[in-house]
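In what follows, every heavy atom counts, from backbone to side chain, and hydrogens, waters and symmetry copies are set aside. Here is the naming used below: chain letters follow the sequence lines, and residue numbers restart at 1 for every chain.
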Protein chains: 2
Amino acid sequence: MNKEVSYPQDEPNFNVALALSLVIFGFDGIDFQVLTVPSSYSPFKGALILPSKYLTEKDELLLSARKLFEGIVGEQNEITIEQLRAFGGVYRHPNGRVVNVPHYALVKKVDFRNSKWLEFGLKWYPVKMVPDLAYDHNEVVEYALERLKRRVKRRPVGFHLLSEEFTLGQLQNLYESALGKKFDRRNFRKKLFNTTLIIDLEKAADGIEKGQKKGSKLYKFNSAEYDKMKIQGYDFLF
Amino acid sequence: MNKEVSYPQDEPNFNVALALSLVIFGFDGIDFQVLTVPSSYSPFKGALILPSKYLTEKDELLLSARKLFEGIVGEQNEITIEQLRAFGGVYRHPNGRVVNVPHYALVKKVDFRNSKWLEFGLKWYPVKMVPDLAYDHNEVVEYALERLKRRVKRRPVGFHLLSEEFTLGQLQNLYESALGKKFDRRNFRKKLFNTTLIIDLEKAADGIEKGQKKGSKLYKFNSAEYDKMKIQGYDFLF
DNA sequence: TCAAAAGTGTTCGGGATACACCCATGT
DNA sequence: ACATGGGTGTATCCCGAACACTTTTGA
């Protein structure tokens, strides 16, 4: 019997530690941002990293990701969080191997306004200007960006990134920033209004929130329609 | 300082073992198949599983997947193999936790003809008739199928699944089987011939290979075009 | 006054879809 | 003879892309 094709073949080696990092994407109305934090432990104390923690033997992956997320962002009604993949290639701890299972998450940046997250040293960087991070976290961010791009193409993800009321300019910025290309304003609007996802609030923006120009119309998402799409599958494509 | 957001926070716990499974997809000219094998170790000795092995501390994920793959399928010129994600939820070994990092791979079933894989008990099952597997391997197969579907939609993946010479009927079966819907034959051909991916061999099939009807035309893929697409990105969509 | 974003319709072309008949093969 | 799959062309529709001018706001 060939051991290469059997499972379990001999005995497992319990010499691996699990770490979990979060790539938290925010959108400020103009650009996408990623959340970073300075590491407070060796071997990269002080260096910037993604918010991360080690898992214990009992921690479920997704649940731990949610917990870590909520520890940072606070409670949020609709959480978008998803595993990226296992990264096992880079970091070796003196005592053994560490495998990182990063997840990515989307937040409405407005949710941060009343949080104390500044005291931890958390800091947003625009995705095009992410500084050097420790471990392989830059690679993780790159990978997460690819995932984000695919997701934005296939799902009306603005829901989870814009505040309750937003302008079409902000939404268009979101798509252009995520997909790295420009859209014609008229065609963009036409496409949106052909769906039933957008509701005209018949109000004008005051221009205070970033990316909103005073006087432009405000919209909100139609969550009933969105939920319907979740069930029926998405015919939505950018 | 909040431990929830620091990395590394305290010390890692080296009590996890890594396993790696393969979801090997084949296409027999009519339907997609998945490769299974009986487990030869406890705790599920004899039960069907995906081909799998434990990793040692030094094994790279993708490299190990390739090695396992080649141990089963043999050398193959163009290997398509990709990590799915970490599955950490189900199986607990008495000595600690096992995290499985399954990968999926595509093979041309014709490659198996001269291999001795039968002696390991390897067996194909059509994806719609996969029996109960041990651990969480059924869940892994489901996840892999979703990934396969997305990949088939975006890339001319038939390359890695059909033998050198194939009929359009086989190719259409491949798309219909992967995406779970029927295509109009004329439209399907039109779409293919609008690309430059398909080369007419001006030969007729002898009807021996499964899915080939005697007398129908044979084609091959244009690998130069395919490589070009790999670099420039894909405008190919089904 | 100037620059930057918001708002608004029409035209064109290409790709997706729908659709029917004859032929070759193997039963 | 019959059933199954292969091969072929045309008409229609919808979506995406291209394109310009006026207004409001804030610097």
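Using modelled atom types and a 3.5 Å distance limit, the side chains of Asn222(B) and Thr196(B) yield no donor-acceptor pair.
Interatomic distance, Leu201(B) CG to Tyr219(B) OH, rounded to the nearest 0.5 Å: 9.0 Å.
None of Glu82(A), Glu142(A), Gln83(A) except one satisfies the side-chain hydrogen bond (donor to acceptor under 3.5 Å, both in side chains) rule with Arg147(A); the exception is Glu82(A).
Lys181(A) has no side-chain polar atom (N or O) that falls below the 4.0 Å cut-off from OP1 or OP2 of dA17(D).
By the 30° and 60° cut-offs, the orientation of the rings of Phe166(B) relative to Phe221(B) is tilted.
Distance, Leu218(A) CG to dA5(C) P: 18 Å, rounded to whole Å. As rounded to whole Å, 14 Å separates atom P of dT24(D) from atom NZ of Lys217(A). Taking atom CD on Glu202(B) and atom P on dG6(D), their separation rounds to 19 Å, with Å as the unit. Between Phe238(B) atom CZ and dT17(C) atom C1' the separation is 13 Å, expressed in whole Å. For the pair Arg185(A) CZ and dG9(C) P, the interatomic distance rounds to 14 Å; values are reported in whole Å. Atom-to-atom, CD of Gln212(A) to P of dG26(D) comes out at 13 Å; the value is rounded to the nearest Å. Rounded to an integer number of Å, the gap from Asp206(B) CG to dG6(D) C1' is 16 Å. Computed from coordinates, the Tyr219(A) OH to dA6(C) P distance equals 11 Å when rounded to whole Å.
In the set dC19(C), dG6(D), dA17(D), the nucleotide with an atom closest to the side chain of Asn187(A) is dA17(D). With dT8(C), dG26(D), dC19(C) as the candidates, the nucleotide lying closest to the side chain of Lys214(A) is dG26(D).
Side-chain to base pairing of Arg186(A) with dA6(C): no donor and acceptor N or O lie closer than 3.5 Å to each other.
For Tyr135(B) and Phe87(B), the distance between ring centers is not under 6.0 angstrom.
Side chains of Leu179(B) and Lys149(B) form a contact here, defined as non-hydrogen atoms less than 4.5 Å apart. Side chains of Lys108(B) and Glu164(B) form a contact here, defined as non-hydrogen atoms less than 4.5 Å apart.
Shown for residues 189-196 of chain B: residues whose heavy atoms fall under 4.0 angstrom of DNA chain D, namely Arg189(B), Lys190(B).
At a threshold of 4.0 angstrom between heavy atoms, the contacts of Lys213(A) include nucleobase atoms, whether or not backbone atoms are also involved.
Where Gly169(B) and Asp184(B) each meet DNA chain D at their nearest nucleotide, the meeting point lying more 5' is that of Gly169(B).
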